[in-house]
Each structure stands twice: as C-alpha cells, then as structure tokens.
There are 2 protein chains.
Amino acid sequence: MTTTAEKLKAASPSKRELIVAAARKLFLETGFGSTSMDAIASEAGVSKRTVYSHFQNKEQLFAAIMGDMCRIISGSNPDEPIPDEKPELVLKVIGLHILHSVLQHEALDVFRVVLAENATFPELGKAFWKAGPEVMKDYLAGYLSELDQRGVLSVPDPDMAAFQFMGMIKWPYHIRLLFGAGDLPTEAELEAALDQAVSVFVNGTKPNR
Amino acid sequence: MTTTAEKLKAASPSKRELIVAAARKLFLETGFGSTSMDAIASEAGVSKRTVYSHFQNKEQLFAAIMGDMCRIISGSNPDEPIPDEKPELVLKVIGLHILHSVLQHEALDVFRVVLAENATFPELGKAFWKAGPEVMKDYLAGYLSELDQRGVLSVPDPDMAAFQFMGMIKWPYHIRLLFGAGDLPTEAELEAALDQAVSVFVNGTKPNR
DNA sequence: GTCTATAAATGGATAGAC
DNA sequence: GTCTATCCATTTATAGAC
C-alpha cells in the first residue's frame with residue numbers, strides 16, 4: 001500500500017533538493033520575513049507551483065530547513081569518551097572543537113536566523129539549544145564532574161562551570177563575528193586565547209591552594 | 001529663522017511620542033520585516049499618513065528607534081572610577097551590573113532584533129557593539145591592566161581577559177534567555193554563579209603559584 | 001509533477017481635503 | 001499635522017493545462 005508520505009518521498013528528489021538548497025541559502029542569508037517564495041523558486045530554477053507541491057507553505061518549508069540545520073549542528077558534536085590526559089590538554093582539544101564549530105560562517109547564520117525567529121518558531125529555538133549548547137554542556141560537565149570526584153579539580157557545580165568555560169572561550173569571538181565587529185581570527189589567535197582561558201580555568205579550580 | 005528640523009521638532013510631540021512608543025514595542029516584539037506600518041499606526045492610534053509625516057519611511061523609523069535603544073543601553077554603562085577594593089569585590093560589583101543590564105527583557109529584545117537585521121542595518125550592529133560590549137570591555141580591561149601593573153594579578157592580555165570574564169559571567173544565562181530555554185534566574189542564583197566565576201578568574205590569574 | 005497564469009490579500013507609500 | 005481613501009508593487013497561495 002502506498003501512503004501519502006511514500007508518494008511524496010518517491011516523487012522527484014532532484015527538484016526537491018534544488019528547492020531545499022535554494023531555501024537554505026536564502027533563509028540563512030536574509031531570514032524568514034525577507035525571503036519570498038518567488039525568490040526561492042527563482043533561485044532553485046523551478047516554478048513556484050513546484051515549491052508548493054513539495055512543501056505545504058512557507059512556514060513549513062522554513063521549519064523543515066532550519067530543523068535540518070539543527071540536526072547537522074547536532075551531528076558535529078563529539079561523542080567519543082574523553083581520554084585520560086592532562087586537563088589542560090583535554091580542555092584545549094574540546095575548546096578548539098567548540099570554537100571551530102561555532103565560528104563557522106554557516107553556524108553563525110543559523111544562530112542569527114533561529115534567534116531572530118524565536119518568537120514565531122519557538123520549537124526551533126529549543127531544537128537548536130538542545131542540539132548545540134546543551135549537548136556540549138552535558139559533555140563538558142560530565143568530564144568536570146569526574147575530575148572533581150578524582151580530586152584533580154574542585155568543581156562543586158559542574159553544569160555552571162561547563163557553561164562558564166564555554167562562555168569564556170566562545171563569547172569573545174562569537175559576539176564580534178555575529179555583529180560584524182571583527183574578522184575571523186587566525187588559528188594562532190584562537191589557540192592563544194584558548195590557552196589563556198584554559199590556564200585561568202584550571203588554575204582557578206585547583207583544589208589545594 | 002526656522003529650520004526644517006526645528007519645525008519638525010516643534011510640531012506635535014504628543015503624537016510623535018505615541019508613534020515612537022508603538023514602533024518600539026512592535027519592532028522589539030516582532031522585528032523589522034514582520035512589523036507593518038499599518039500595525040504601528042494602529043497601535044499608536046493615529047493614521048498611517050501621520051506616521052509618514054514624522055518619519056520618511058519604514059527604514060528610517062526603524063533606524064531611529066533602534067538607534068535610540070542603543071543610546072539608552074550606552075547610558076547604563078558605568079563611568080565612575082573603580083574603587084581600590086579587593087579584586088573579588090570589585091569584579092563582583094561590576095559583574096552584577098553587567099548581568100542586570102544584559103538580562104533585562106528589553107535588552108534581550110534589542111540584542112535579538114539588532115542582530116537579526118545586522119545584514120540590512122550594519123550601522124546599528126556597530127552602534128550596539130560600541131555602546132554596549134566594547135565600552136564595558138574597555139572599562140574592565142583598564143582595571144585588569146592596572147591590577148597587572150601593580151602585580152596583584154597576572155593579566156598579560158587585558159583586552160582578551162576582559163572579554164573572557166564577560167563571556168564567563170554573561171553567556172550561561174544570556175543564551176538561555178535569548179532562546180527561551182530557561183527562566184530569569186533569581187538574584188541568589190545570579191550571585192552564586194558570579195561568585196564561582198570571580199573565584200575562578202581571580203585564583204586563575206594569581207601571579208605567584 | 002511541473003508549468004503559466006492568476007486570484008486574494010497585504011504592505012509601503014501618497015493624494016487631496018481640512 | 002492629521003485624517004480618509006487609494007494607488008501600486010509584492011507576496012502567499014491556487015487553478016487549470018499538459
């Protein structure tokens with residue numbers, strides 16, 4: 001038996017992908033309100049009727065596209081167990097991973113657009129949050145909690161400490177790139193800032209002073 | 001002699017203020033694209049023609065409103081000289097000030113809307129940046145630089161350290177409120193998190209270990 | 001499924017009277 | 001300056017042919 005969902009899926013993947021690519025590009029560039037279905041159809045090289053044969057309406061198209069983006073972000077999260085190395089090294093590796101993910105051009109656009117439309121698409125905001133920052137917080141908090149139990153560092157509130165470490169390394173570059181108040185830092189700058197942050201964090205949470 | 005500017009100003013302050021209030025409310029709530037001039041006129045209780053007699057067009061109205069908001073934000077920045085107290089205390093007082101400014105409902109809306117429209121109104125993004133984060137960074141960096149010179153703390157890069165401190169205290173709550181992934185923290189929660197951050201930062205930048 | 005053409009509604013901006 | 005009424009472009013969404 002052929003369900004409606006199967007029919008839609010079997011349809012024409014090629015055109016559908018053109019539409020998705022065009023919509024993603026335009027939504028990320030100009031947001032929900034300023035992107036018209038005309039522009040999407042034109043960018044995809046298909047007629048507007050074709051767009052509407054694949055997606056119910058503009059809201060649904062936007063939600064589908066941005067939901068995908070959140071899932072992509074989610075896929076870039078680490079899931080390996082954390083190696084038993086010096087905390088300085090582990091935190092630097094995790095920190096570099098975070099910085100590389102979050103300072104990408106596309107990630108900045110997703111951040112901007114999801115945030116802008118947070119009032120009209122609250123599910124997207126939550127999806128973004130759960131796929132990105134929260135996963136990373138849990139990952140880091142687990143590690144910090146373990147260090148605390150082993151007496152390596154003193155971290156009474158691992159969740160807050162994880163957030164604070166993330167804020168410390170992210171925010172300085174993230175906010176400047178978001179507002180166009182600075183260029184993409186070089187790898188050397190990034191590492192220098194990260195070293196400074198890791199040093200402060202580790203020395204600041206040493207159990208015995 | 002009566003200039004055009006004086007004429008406009010002398011006109012009818014009452015209606016103009018109604019328009020400004022309505023525009024501010026709607027722009028902050030629903031952003032630039034999703035707010036119509038019809039809605040603004042209706043919310044202000046005036047005709048659309050009256051709106052256009054005070055402001056050239058939608059862009060100019062938006063820029064005027066959001067420029068004002070940036071100036072208001074700017075006015076809330078501290079300018080007092082920093083007292084000669086223990087760094088822990090000074091950083092906590094400054095930190096509390098930052099948190100109170102940045103976690104306000106209106107400040108969150110300004111952040112969201114200016115960021116959303118950064119591509120179309122880049123001047124606003126820069127104005128926001130210069131009025132808010134950059135001023136605070138300079139203020140903090142000056143203090144940290146002084147502590148470094150006096151040998152109280154070791155802060156080789158005061159600008160980056162200031163950014164990192166700001167990120168550490170702001171980000172955990174700021175990002176959650178922006179994405180609607182958490183409630184406004186109580187004063188006690190705020191202070192607890194701040195104490196933790198200040199402790200890490202000060203202990204982590206002690207010159208002699 | 002895909003196209004051309006078009007309906008229906010909305011939004012920015014203006015005309016003209018007072 | 002302020003109002004009512006209106007123009008015109010744009011936009012979402014659909015009808016109907018193939």
Side-chain angles (χ1 to χ4, degrees), chain A residues 2-27 29-66 113 116-117 119-121, chain B residues 2-66 113 116-117 120-121:
Chain A
T2 325
T3 67
T4 312
E6 280 168 344
K7 267 187 210 156
L8 277 175
K9 185 148 193 184
S12 168
S14 175
K15 295 249 172 185
R16 188 189 178 92
E17 276 167 22
L18 285 174
I19 295 168
V20 167
R24 177 162 55 206
K25 179 179 177 233
L26 293 178
F27 279 141
E29 264 175 11
T30 58
F32 178 78
S34 302
T35 301
S36 73
M37 294 296 262
D38 272 302
I40 292 172
S42 170
E43 170 82 25
V46 303
S47 81
K48 213 169 13 164
R49 194 66 187 84
T50 305
V51 176
Y52 278 98
S53 77
H54 285 276
F55 298 93
Q56 276 187 354
N57 51 38
K58 195 181 170 185
E59 279 78 13
Q60 202 240 312
L61 175 56
F62 182 74
I65 300 288
M66 299 309 291
V113 172
E117 243 58 53
T120 12
F121 296 88
Chain B
T2 324
T3 68
T4 313
E6 281 168 343
K7 268 189 212 155
L8 277 175
K9 186 149 193 186
S12 167
S14 174
K15 295 251 172 184
R16 190 189 177 92
E17 278 167 22
L18 284 174
I19 295 168
V20 167
R24 177 163 55 208
K25 178 178 179 235
L26 292 178
F27 279 141
L28 288 183
E29 264 175 11
T30 57
F32 178 77
S34 303
T35 300
S36 73
M37 294 296 261
D38 273 302
I40 292 172
S42 169
E43 170 83 25
V46 303
S47 81
K48 211 164 25 159
R49 194 67 187 82
T50 304
V51 177
Y52 279 98
S53 77
H54 285 276
F55 299 92
Q56 276 187 353
N57 53 37
K58 193 182 172 185
E59 278 79 14
Q60 201 239 312
L61 175 57
F62 181 75
I65 299 288
M66 299 309 290
V113 173
E117 242 59 52
T120 12
F121 296 87

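Predicted model only: the values in this text are computed from it and were never measured. Only heavy atoms go into these numbers, but all of them, side chains included; no hydrogens, no water, no symmetry mates.
To the nearest angstrom, P of C/dT10 lies 12 Å from NZ of B/K48. Rounded to whole angstrom, the span from the NE2 atom of B/H54 across to the P atom of D/dT2 amounts to 4 Å. Regarding B/D38, its CG atom lies at a distance of 13 Å from the C1' atom of C/dT14, rounded to whole Å. B/M37 places its CE atom 20 Å from the P atom of D/dC7, with the value rounded to the nearest Å. Distance A/L61 CG to D/dT11 C1': 15 Å, rounded to the nearest Å. Summarising the geometry, the separation between OH on A/Y52 and C1' on C/dT6 is reported as 14 Å, rounded to the nearest angstrom. Here the C1' atom of nucleotide C/dG11 and the CD atom of B/E59 are 12 Å apart, to the nearest Å. The CG atom of A/N57 sits 19 Å away from the P atom of C/dA8 (whole-angstrom rounding).
Counting only N and O atoms by type, the side chains of B/S47 and B/T50 include a donor and acceptor under 3.5 Å apart.
Classified by interplanar angle (parallel below 30°, tilted 30° to 60°, perpendicular above 60°), the ring pair A/F27/A/F32 is parallel.
Taking the side chain as every heavy atom from C-beta outward, A/M37 and A/F55 never approach each other to under 4.5 Å. Within the 4.5 Å cutoff, the side chain of B/T120 has no heavy atoms near those of the A/T30 side chain.
The phosphate of C/dT10 has neither OP1 nor OP2 within less than 4.0 Å of any side-chain N or O from B/S36. Within the structure, a side-chain polar atom (N or O) of B/K15 is placed less than 4.0 Å from OP1 or OP2 of D/dC3.
If you check every strand for non-hydrogen atoms under 4.0 Å, B/S47 touches a base. B/T35 comes within contact range of the sugar-phosphate backbone alone, with a heavy-atom separation under 4.0 Å but no base atom that close.
Remark on DNA chain C: of its neighbouring residues B/K58 and B/R49, the 5'-side contact belongs to B/K58, judged by nearest-heavy-atom nucleotide.
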